[in-house]
Structure formats: structure tokens, C-alpha cells
Amino acid sequence: MTHKPCPHPHAAAGSCMPCRLCRIEVDHLSVKAGRQALLTDVSLHVHCGELTALIGANGAGKTTLLRALLGQVEYSGTIRHLTSDGRPAAAVRTGYVPQQLEFDRSSPVTVMDFMAAALSRRAVFLGIGKKTRAKVMDALLRTHCENLAGRALGALSGGELQRVLLALALTPQPDLLILDEPVSGVDENGLEAFYATVDELRRKNHMAILLVSHDLDVVRRYADRVVLMQGTVIKQGSPEAVFGSPEFEHVFYARGGRL
């Protein structure tokens with residue numbers, strides 16, 4: 001398989017500068033829980049500047065694959081982070097947006113407090129310094145939710161909270177952004193705002209984005225590549241190629257598969 005060089009986001013028109021991370025190669029990855037095989041012989045590539053979506057029925061292994069990439073489960077096989085010239089990429093940073101954040105919604109903690117606590121070593125009750133406030137505002141600006149800084153975290157809508165979590169995942173700038181069903185239960189307006197922001201970030205920052213989603217309409221609209229899983233990878237390619245494949249038909253229709 002040949003790979004296109006990954007252009008740097010700030011490269012001049014017509015030029016090509018290497019990214020720190022060009023691609024992630026997963027080769028023959030397997031995960032077991034005791035004698036049970038959770039994933040078997042998974043191979044795929046995730047490229048910078050692209051949104052790759054993992055889809056499949058419940059229990060297909062999507063979350064297990066994410067946990068392997070995050071180093072949270074033991075696995076056999078290989079995960080390689082490579083630069084555009086095929087060399088190992090050093091100190092790869094990963095941002096992660098979970099499906100939901102568990103916290104006490106009655107707490108008076110504001111978005112500023114929450115972000116400052118995550119981005120500074122100084123205890124929030126001692127006060128938030130000017131540099132930390134500026135860092136928080138810069139992060140919120142990236143996801144167009146700077147107006148939420150003074151709001152109580154528990155008063156946010158589902159879509160607003162997920163954009164705050166996205167802002168946190170982007171600070172510092174990650175090489176790989178993992179989105180694990182990030183807008184489950186979010187209303188249509190919140191969903192549109194979230195994915196429009198993600199698409200803008202992909203284009204402007206040329207980062208690799210890996211999305212797990214049960215919303216096939218979202219995957220069709222925003223994904224550059226789709227990976228269909230069923231304990232392993234059974235089909236991957238463009239959204240058109242995967243959605244039009246017999247494998248997709250078998251997983252979601254012939255057997256009544258559920259996302």
C-alpha cells in the first residue's frame with residue numbers, strides 16, 4: 001500500500017512539509033479477556049488530515065480498539081505512530097472526548113473552574129491566574145464556546161458540554177483526536193454544531209481524528225474513511241464503498257444488526 005505525503009497545515013500552496021504524525025498503523029491487533037476474543041487480527045491505518053469512523057453493531061469491538069489505542073488494555077500485534085517518511089513519531093499526543101462526563105450537576109463549578117483545574121497545577125480555590133484564564137479562553141475559542149466560560153458546568157446542555165470537553169481535549173494540540181460516541185443523546189442543533197466544529201478543526205489543523213459513532217448519517221457526511229467492524233475489520237474504505245458493500249448489508253440489515 002502506498003501513502004501520500006502529509007502536508008503541514010501551514011505549508012505554502014504547492015509545497016509539502018512533513019507532519020509530526022502522518023499516520024497510525026494498526027497491524028494484526030488482537031485483544032482477549034481470559035479465553036474470550038474481543039478483537040481478532042485487526043489491521044487499519046489512520047491518517048492525519050482525515051476523519052476515520054469506526055462503525056459496527058453492538059459488541060463489534062469498537063470501544064475495545066479505542067482502549068487499545070489509548071493503552072488501557074493489553075493486546076497482541078503492533079500499533080505504530082509514523083511520520084511522513086516512515087520513521088517512528090516521538091511523543092505523540094492524544095486527545096479524547098468521551099460519550100459523557102459523570103459529575104454532580106448541582107455543583108457550582110463553572111466551565112472556567114473546570115478547565116482551569118485541568119490546565120493548571122494551581123488549585124482553583126486559590127484563584128485562577130491571568131495566564132490560566134487566557135489559556136482557558138483560547139481553548140474555548142477553538143470550539144466556539146467562549147461564551148460558556150462563566151456558566152455552571154451542570155447548567156450546560158448536552159451539546160454545550162461536549163464542546164467544552166472537545167476544547168479540553170484539544171489543549172494542548174493533539175496529534176490524534178479520539179471521539180467515542182461524543183454526541184450520544186445530544187439534540188440535533190448540538191450535534192450539528194459539534195461536528196461542524198470538528199470538521200473545521202480537521203481542515204485547519206490537519207490532525208488525525210478517529211470517531212466511533214452509531215449515527216450513520218453523520219458518518220456519511222463527515223467521514224473520509226469508514227472502518228466496519230465485527231470482532232475484526234470486515235470492510236474499510238470511503239463511506240460510499242463501505243455503505244454500498246455486501247458486508248454492510250449483512251451487518252445492519254440481513255441480521256438486524258444494531259449500532
Side-chain angles (χ1 to χ4, degrees), residues 9 19-21 23-24 46-54 62-63 65-73 79 81 89 91-103 109-121 124 128 132-149 151 153-154 156-186 190-215 218-219 222-224:
C19 294
R20 185 171 71 163
L21 173 69
R23 65 185 181 274
I24 300 167
V46 178
H47 290 262
C48 66
E50 292 185 352
L51 190 154
T52 299
L54 303 180
K62 304 181 295 294
T63 297
L65 177 56
L66 293 191
R67 294 184 66 195
L69 290 169
L70 291 168
Q72 296 177 347
V73 295
I79 299 175
H81 301 86
V92 171
R93 290 192 294 263
T94 301
Y96 176 70
V97 179
Q99 183 173 351
Q100 59 185 3
L101 178 69
E102 298 291 343
F103 67 100
V109 171
T110 66
V111 171
M112 175 62 72
D113 295 335
F114 171 72
M115 295 284 289
L119 299 178
S120 173
R121 295 180 180 178
V124 171
I128 302 173
T132 300
R133 285 185 178 275
K135 185 185 294 186
V136 170
M137 292 307 296
D138 285 345
L140 295 175
L141 277 166
R142 295 190 70 189
T143 60
H144 308 296
C145 58
E146 65 277 8
N147 60 310
L148 303 177
R151 294 266 303 278
L153 201 65
L156 301 182
S157 69
E160 289 170 338
L161 179 58
Q162 291 308 98
R163 284 163 65 197
V164 169
L165 295 179
L166 177 61
L168 184 59
L170 293 170
T171 310
Q173 172 79 28
D175 303 293
L176 170 65
L177 176 63
I178 293 179
L179 308 172
D180 187 5
E181 297 191 28
V183 288
S184 178
V186 174
L191 183 150
E192 290 293 334
F194 183 88
Y195 281 112
T197 301
V198 168
D199 191 55
E200 178 185 357
L201 290 165
R202 177 190 60 78
R203 289 183 285 104
K204 287 186 176 180
N205 299 283
H206 207 70
M207 68 179 70
I209 301 176
L210 187 59
L211 166 71
V212 170
S213 179
H214 64 276
D215 191 327
V218 163
V219 172
Y222 292 104
D224 298 290

In Å and rounded to the nearest 0.5 Å, what is the OG1 to CG distance from Thr171 to Leu140?
8.0 Å
If you compare all heavy atoms of Val219 against all heavy atoms of Ala53, which two are closest, and at what distance to 0.1 Å?
CG1-CB, 3.8 Å
Go through Asp224 and Arg202 one step at a time and tell me if the side chain to side chain contact (heavy atoms under 4.5 Å, CB included) criterion holds.
CA-CA 11 Å; Asp224 298 290; Arg202 177 190 60 78; 3.6 Å; yes
With sequence neighbours left out, what residues match Tyr222 under ring pair (Phe, Tyr, Trp, His ring centres under 6.0 Å)?
Tyr195
Thr63 side, atom OG1; Arg67 side, atom CZ - distance, nearest 0.5 Å:
9.0 Å
When you look at Met137 and Met112, which way does the side chain to side chain contact (heavy atoms under 4.5 Å, CB included) test go after all the steps?
CA-CA 8 Å; Met137 292 307 296; Met112 175 62 72; 3.8 Å; yes
Taking C-beta and beyond as the side chain, do Leu165 and Phe114 meet within less than 4.5 Å on heavy atoms?
yes
Contacts of type side chain to side chain donor-acceptor pair (under 3.5 Å), residue Arg151, not counting sequence neighbours:
Glu160
Backbone of Val183 reached by a side-chain donor or acceptor of Gln100 within 3.5 Å:
no
With sequence neighbours left out, write down each residue that passes ring pair (Phe, Tyr, Trp, His ring centres under 6.0 Å) with Tyr96, or none if nothing qualifies.
none
Please give me the minimum heavy-atom distance between Thr132 and Ala116, naming the atom from each residue.
CG2-CB, 3.8 Å
So how far is it from Arg163 CZ to Glu146 CD, rounded to the nearest 0.5 Å?
8.5 Å
Can you check whether Leu66 reaches Lys62 side chain to side chain, under 4.5 Å on heavy atoms?
no
Taking atom CD1 of Ile178 and atom CG of Leu70, what is their separation to the nearest 0.5 Å?
4.0 Å
What are the two closest heavy atoms between Leu191 and Val186, and how far apart are they?
N-CG1, 3.6 Å
Distance from Cys145 atom SG to Leu166 atom CG, nearest 0.5 Å?
8.0 Å
Compare all side-chain heavy atoms of Asp113 with those of Leu153 and state whether any distance is below 4.5 angstrom.
no
Criterion side chain to side chain contact (heavy atoms under 4.5 Å, CB included) on Leu161 and Phe103, from CA distance to verdict
CA-CA 12 Å; Leu161 179 58; Phe103 67 100; 3.8 Å; yes
Stepwise, does the salt bridge (Lys or Arg N to Asp or Glu O under 4.0 Å) test hold for Asp138 with Arg142?
CA-CA 7 Å; Asp138 285 345; Arg142 295 190 70 189; over 6 Å; no
Where do Ala139 and Met115 come nearest, in terms of heavy atoms and distance?
CB-CE, 3.8 Å
Can you give me the closest heavy-atom contact between Pro174 and Gly95, atom names plus distance?
CB-N, 3.4 Å
Please examine the side chains of Pro182 and Leu211, heavy atoms only from C-beta on, and report whether any two atoms are closer than 4.5 Å.
yes
How long is the gap from CZ on Arg93 to NE2 on His81, to the nearest 0.5 Å?
13.0 Å
Single hit among Leu51, Thr94, Leu69, Ile24 for side chain to side chain contact (heavy atoms under 4.5 Å, CB included) with Leu210:
Leu69
For Ile128 and Ser120, what are the C-alpha separation, side-chain angles and deciding distance, and is it a side chain to side chain contact (heavy atoms under 4.5 Å, CB included)?
CA-CA 9 Å; Ile128 302 173; Ser120 173; over 6 Å; no
